[in-house]
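A short worksheet on the structure shown next.
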Amino acid sequence: MPIAKFTNLRTGLYSTVVTGLRDGINIRLMRYSDVLLRAAECENEVNGPTEKAIGWINEVRSRADLPDLKLEDFDTADKLFEQIANVERPKEFGCEFGRGFDLIRWGFFYDNGRLQQLKEHGTFRRSTKNIKEPVSYANISSDPELKSSFDTYITGHEFLPIVQTLTNKNPNLEGNSANNSSDNSVYFREKGWTVRPVVDLNE
């Protein structure tokens with residue numbers, strides 16, 4: 001097992017080096033809650049909102065002692081997707097470095113409505129002055145203390161570029177959109193993928 005992080009490989013705990021699953025620590029490859037929420041997302045994509053999808057979401061919510069969702073509150077696949085994408089996954093995986101990958105695979109960077117939603121959700125106050133006051137993206141041009149995490153987003157820069165030295169050494173290796181400042185949405189839409197519209201969960 002080449003991964004030493006979260007293991008006892010370098011702690012000196014054992015007199016001999018132990019590797020793999022015999023190092024005394026369960027190695028986290030994928031969280032079960034991630035499996036459940038992805039399963040609910042897939043079920044919703046194929047069959048729309050179903051009891052099965054809601055059940056998988058509720059299994060994750062029950063661990064945090066949150067009230068169960070009810071199928072009758074989600075009359076469309078768009079509405080259940082909104083719940084999964086902007087409520088369940090951010091709450092469950094906060095600070096776990098997965099949100100960006102979700103946003104890319106959902107195509108949120110390729111849709112103006114979704115990008116606007118990201119800007120609104122990503123608005124914050126840059127200083128501790130008036131920190132308890134609510135923030136709104138609508139005030140960002142008039143309040144110099146406000147900023148949005150997504151205001152500096154440039155189309156085609158969702159990915160890190162392939163290192164130039166690698167492309168120089170291998171003529172068969174092409175850079176990605178970050179290397180040539182191209183727009184990823186072309187590839188996304190050529191595959192026939194679409195972005196689910198923004199839905200107000202309060203309606």
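Proximity of a side-chain donor or acceptor of Asn47 to a complementary backbone N or O of Asn44 within less than 3.5 Å is not detected. Without hydrogens or angle criteria, Arg125 side chain to Lys132 main chain gives no donor-acceptor distance under 3.5 Å.
The shortest non-hydrogen separation linking Ser148 to Phe124 is C-CE2, 4.1 Å. In plain terms, the two heavy atoms of Pro144 and Arg126 that are nearest each other are O-NH2, 2.7 Å. The shortest non-hydrogen separation linking Ala53 to Ala40 is O-CB, 3.5 Å.
To the nearest 0.5 Å, the span separating CD1 on Ile131 from OG1 on Thr128 amounts to 6.0 Å. One distance of note links CZ of Arg38 with CZ of Arg89; it measures 5.0 Å at 0.5 Å rounding. Rounding to the nearest 0.5 Å gives a distance of 5.0 Å between CD1 of Ile162 and CG of Leu173. Note that CD of Glu174 is 9.0 Å distant from CG of Asn180, once rounded to the nearest 0.5 Å. Note that CG of Leu69 is 4.5 Å distant from CZ of Phe74, once rounded to the nearest 0.5 Å. Atom CH2 of Trp56 and atom SG of Cys42 lie 8.5 Å apart (nearest 0.5 Å).
For Asn112, the CG atom is loosely surrounded, since the number of other residues' heavy atoms within 6.0 Å does not exceed 12. More than 12 non-hydrogen atoms from other residues, nucleotides or ligands lie less than 6.0 angstrom from CG of Leu166. Counting heavy atoms of neighbouring residues, nucleotides and ligands inside a 6.0 Å radius, atom OH of Tyr187 does not exceed 12 of them.
Applying the salt bridge (Lys or Arg N to Asp or Glu O under 4.0 Å) definition to pairs two or more places apart or across chains, those involving residues 106-124 are Glu82-Arg114.
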Could you check Phe159 against Ile104 for side chain to side chain contact (heavy atoms under 4.5 Å, CB included), going step by step and ending with a plain yes or no?
CA-CA 9 Å; Phe159 304 107; Ile104 289 171; 3.7 Å; yes
Steps toward side chain to side chain contact (heavy atoms under 4.5 Å, CB included) verdict (Val135, Glu145):
CA-CA 10 Å; Val135 297; Glu145 288 296 318; over 6 Å; no
Let's go through Thr123 and Ser136 carefully: what are the C-alpha distance in whole Å and the side-chain angles of both, what is the deciding distance for side chain to side chain contact (heavy atoms under 4.5 Å, CB included) to 0.1 Å, and is it a yes or a no?
CA-CA 7 Å; Thr123 302; Ser136 171; over 6 Å; no
Apply salt bridge (Lys or Arg N to Asp or Glu O under 4.0 Å) to the pair Arg63 and Glu92, showing each step before the final yes or no.
CA-CA 10 Å; Arg63 187 175 53 86; Glu92 181 64 22; 2.3 Å; yes
With side chain to side chain contact (heavy atoms under 4.5 Å, CB included) as the test, would you mind laying out the steps for Ile84 and Ile57 before giving the verdict?
CA-CA 8 Å; Ile84 295 168; Ile57 296 169; 3.7 Å; yes
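None of Trp193, Phe109, Phe108 except one satisfies the ring-ring contact (aromatic ring centres under 6.0 Å, His included) rule with Phe188; the exception is Trp193. Results of the side chain to side chain contact (heavy atoms under 4.5 Å, CB included) test with Glu203 over Asp200, Leu201, Val199 single out Asp200 as the only residue that passes.
Of the charged side-chain nitrogens involved, none lies within less than 4.0 Å of a carboxylate oxygen, so that Asp68 and Arg61 do not count as a salt-bridged pair. Here Glu41 pairs with Arg105 in a salt bridge; the nearest charged N to carboxylate O distance falls below 4.0 Å. Salt-bridge check for Lys79 with Asp73: failed, with every basic side-chain N at 4.0 Å or more from each acidic carboxylate O. A salt bridge is absent between Glu51 and Lys70; no separation between the charged side-chain nitrogens and carboxylate oxygens falls under 4.0 Å.
Between the side chains of Gln117 and Asn86, at least one donor N or O sits under 3.5 Å from an acceptor N or O. For the residue pair Gln164 / Asn168, a side-chain donor-acceptor distance below 3.5 Å is found, with atom types taken as modelled. Under the 3.5 Å distance criterion, with hydrogens and angles disregarded, a donor-acceptor pair is assigned to the side chains of Glu59 and Tyr32. For Thr76 and Asp78, the side-chain atoms include no donor-acceptor pair closer than 3.5 Å.
Pro49 places a side-chain heavy atom less than 4.5 Å from the side chain of Leu71. Residues Phe93 and Arg99 form no side-chain contact, since every pair of their non-hydrogen atoms from C-beta on lies 4.5 Å or further apart. Side-chain contact check for Ile140 versus Asp151: some heavy-atom pair is nearer than 4.5 Å.
Every side chain to side chain donor-acceptor pair (under 3.5 Å) that Asn184 has, sequence neighbours left out, goes to Glu158, Ser177.
Note on ring orientation: taking the six-membered ring where Trp is involved, the planes of Trp106 and Phe81 are perpendicular (angle over 60°, cut-offs 30° and 60°).
Neither Leu118 nor Val198 shares a network with the other; the hydrophobic side chains, linked directly or stepwise wherever heavy atoms of I, L, V, M, F, W or Y lie under 4.5 Å apart, form separate groups for each.
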